[in-house]
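See structure below.
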Protein chains: 2
Amino acid sequence: MSTAPEATVDALVQLSFAIQRILATVGAERELSVVQMRLLGIVRDRRIGMAELGLHLGLDKSSVTGLVTRAERRGLVQRSPSPDDGRAVHVTLTPLGRAWTEQGAAEVAAAIGELTAHLDADQRTALTSLAESLVSGPATPR
Amino acid sequence: MSTAPEATVDALVQLSFAIQRILATVGAERELSVVQMRLLGIVRDRRIGMAELGLHLGLDKSSVTGLVTRAERRGLVQRSPSPDDGRAVHVTLTPLGRAWTEQGAAEVAAAIGELTAHLDADQRTALTSLAESLVSGPATPR
DNA sequence: TATTGTTATACTCTATAACTATA
DNA sequence: TATAGTTATAGAGTATAACAATA
């Protein structure tokens, strides 16, 4: 049970808030919450049902129902019955939802670009690999 | 308008979710949301009123009213009238609130310690200073 | 007039429990 | 029986608008 030095804890917590603020700000331009943005991002590249969506988002299935219903009402996603399983539905992006998702992703990348603009190439590489190693554990050479 | 490379964007966004998940998990042990945790953390070292609290949290003052009321109802914070300004109130931690705040901070530090356990001292130092530089801009030597 | 804070209201977001339909 | 999803309900969290009290 290691405890990180206070400076490291503070820096990572503050950085996480800065990134979340970027996501919230980009979403707010289209009145999307961070969770709605994640929903669109997840549905973007997966063929997925409500249950699996709940796993990705860390939400109960009943919460996902409301989330998807609100996004559907706004014309961003669609429910369609699964051809394989009569109980299941698939959630997919509408053309509008796809456009917003791509624009949002570009705006997030631009804002993070501003945040990291003062780094040189080596620093950026170091930051990226350190961040990756925290998320997925130490590098796993194949 | 610089745009960060995709790998950097992904790594930072995923890292921010990992840190937020730690905060949410630690809070959940005491049925505290991340915002309630932030509230306690802000009140911990400042003598502060509702308006300034709203600025720190990025919330409207009416939202802060509800947030503080719920925390007060649970015995975590106290409102007290400002001696200087008849309109203002100060929000302070109760002994229980202080205990929870300190325990929570320790648990967050421990969890982030786990996350960074695989880093050696140099890597940890590099990560900390890179993260600090993103949050507060490039190093500003005095 | 401006500022501090609360109240009323409405909506999003979330979980729990109970339910329907399909596997 | 188990799984996929919805509905009903309750509560937290948020903003806007209107308000009271103080500066």
Side-chain angles (χ1 to χ4, degrees), chain A residues 17 20-21 23-25 27-43 46-92, chain B residues 17 20-21 23-25 27-43 46-92:
Chain A
F17 281 120
Q20 293 287 314
R21 189 159 41 245
L23 297 176
T25 301
E29 291 170 22
R30 296 174 183 81
E31 296 186 76
L32 292 174
S33 68
V34 172
V35 176
Q36 292 279 2
M37 304 259 292
R38 288 179 70 192
L39 165 63
L40 299 182
I42 291 166
V43 169
R46 276 170 268 263
R47 184 147 205 80
I48 201 177
M50 305 294 280
E52 203 182 343
L53 204 42
L55 287 181
H56 280 276
L57 291 168
L59 295 177
D60 187 85
K61 55 188 180 167
S62 65
S63 303
V64 178
T65 294
L67 206 60
V68 169
T69 298
R70 287 186 294 273
E72 197 173 31
R73 195 187 302 147
R74 295 177 64 184
L76 300 173
V77 303
Q78 270 181 328
R79 280 177 169 95
S80 45
S82 164
D84 311 323
D85 185 334
R87 302 167 298 179
V89 302
H90 286 155
V91 182
T92 54
Chain B
F17 281 120
Q20 293 287 313
R21 190 159 41 245
L23 297 176
T25 301
E29 292 171 21
R30 296 174 183 82
E31 297 187 76
L32 292 174
S33 68
V34 173
V35 175
Q36 292 279 1
M37 305 260 291
R38 287 179 71 192
L39 165 64
L40 298 181
I42 291 166
V43 170
R46 276 171 268 263
R47 183 147 206 81
I48 202 177
M50 305 293 280
E52 204 181 343
L53 205 42
L55 287 180
H56 280 277
L57 292 167
L59 295 177
D60 188 85
K61 54 189 181 168
S62 65
S63 304
V64 178
T65 294
L67 205 61
V68 169
T69 297
R70 287 186 293 274
E72 196 173 30
R73 197 187 298 148
R74 295 178 63 184
L76 300 173
V77 303
Q78 270 181 328
R79 280 177 170 95
S80 46
S82 165
D84 311 324
D85 185 334
R87 303 166 298 181
V89 303
H90 286 155
V91 183
T92 54

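Below, chains carry the letters A, B, ... as their sequence lines are ordered, and counting in each starts from 1. Quantities reported herein were computed from a predicted structural model and do not represent experimental measurements.
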* **Closest non-hydrogen atom pair between A:R74 and A:E31, with its separation** => NH1-O, 2.8 Å
* Structure fact -> In whole angstroms, the gap separating C1' of C:dT14 from CZ of A:R38 amounts to 14 Å
* Hey, does the side-chain of B:S62 have a donor or acceptor N/O within less than 3.5 Å of a partner on the base of D:dT16? -> yes
* To do: Just compare C:dG5, D:dG13, C:dC13 and give me whichever is closest to any side-chain atom of A:L67.
  => C:dC13
* 5′-ward residue of the pair B:G49/A:S33 relative to DNA chain C -> B:G49
* CZ of B:R70 versus C1' of C:dC13: gap in Å, rounded? -> 13 Å
* Nearest-Å distance, CD (B:E52) to C1' (C:dT4)? -> 13 Å
* With a 3.5 Å cut-off and just heavy-atom distances, do the side chain of B:T69 and the base of C:dT6 make a donor-acceptor pair? -> no
* Kindly say whether, by distance alone, the side chain of B:R87 makes a donor-acceptor pair under 3.5 Å with the base of C:dT3? => yes
* **Minimum-distance nucleotide (side-chain atoms of A:D85 versus D:dG13, C:dC13, D:dA4)** => D:dA4
* Asked: If you take all heavy atoms of A:L39 and A:A71, which pair is closest and at what distance?
  -> CD2-CB, 4.1 Å
* Pairwise 5' ranking along DNA chain C for A:D84 and A:V35, keeping only the more 5' one -> A:V35
* Atom pair distance, as rounded to whole Å: CE in A:M50 and C1' in C:dT20 -> 15 Å
* To do: Could you state the atom-to-atom distance from CG of B:L55 to P of C:dT3 in whole Å?
  => 12 Å
* Looking at C:dT6, C:dC13, D:dG5, which one has an atom nearest to any side-chain atom of B:R79? -> C:dT6
* To do: Pick base, sugar-phosphate or nothing for B:V64, based on heavy-atom distances below 4.0 Å to the nucleic acid.
  => nothing
* Does B:S63 place a side-chain N or O at less than 4.0 Å from the phosphate oxygens OP1/OP2 of D:dT14? -> no
* Let me know the distance between CG of A:L59 and C1' of D:dT6, rounded to the nearest Å. => 16 Å
* **Value in whole Å for how far the P atom of C:dT12 lies from CD of A:Q36** => 9 Å
* Determine the contact category for A:G66: base if any of its heavy atoms lies under 4.0 Å from a base atom, sugar-phosphate if only primed atoms, P, OP1 or OP2 are that close, otherwise nothing. => nothing
* Asked: Distance-only, no hydrogens or angles: does the A:T25 side chain make a donor-acceptor pair with backbone N or O of A:R21 under 3.5 Å?
  -> yes
* Would you call A:I48 and A:T92 a side-chain contact if the rule is heavy atoms closer than 4.5 Å? -> no
* When all nucleic acid strands are considered with a 4.0 Å heavy-atom cut-off, which category describes B:S82: base, sugar-phosphate, or nothing? -> nothing
* **Interatomic spacing from CG in A:L23 to CD in B:Q20 - rounded to 0.5 Å** => 9.5 Å
* Asked: Would you say the side chains of B:R79 and B:T69 form a donor-acceptor pair under 3.5 Å?
  -> yes
* To do: Rounded off to whole Å, could you give me the CD-to-C1' distance for the B:E72 and D:dA12 pair?
  => 17 Å
* Structure fact -> Among the nucleotides C:dT4, D:dA4, D:dA12, whichever has the atom closest to the side chain of A:K61 is D:dA4
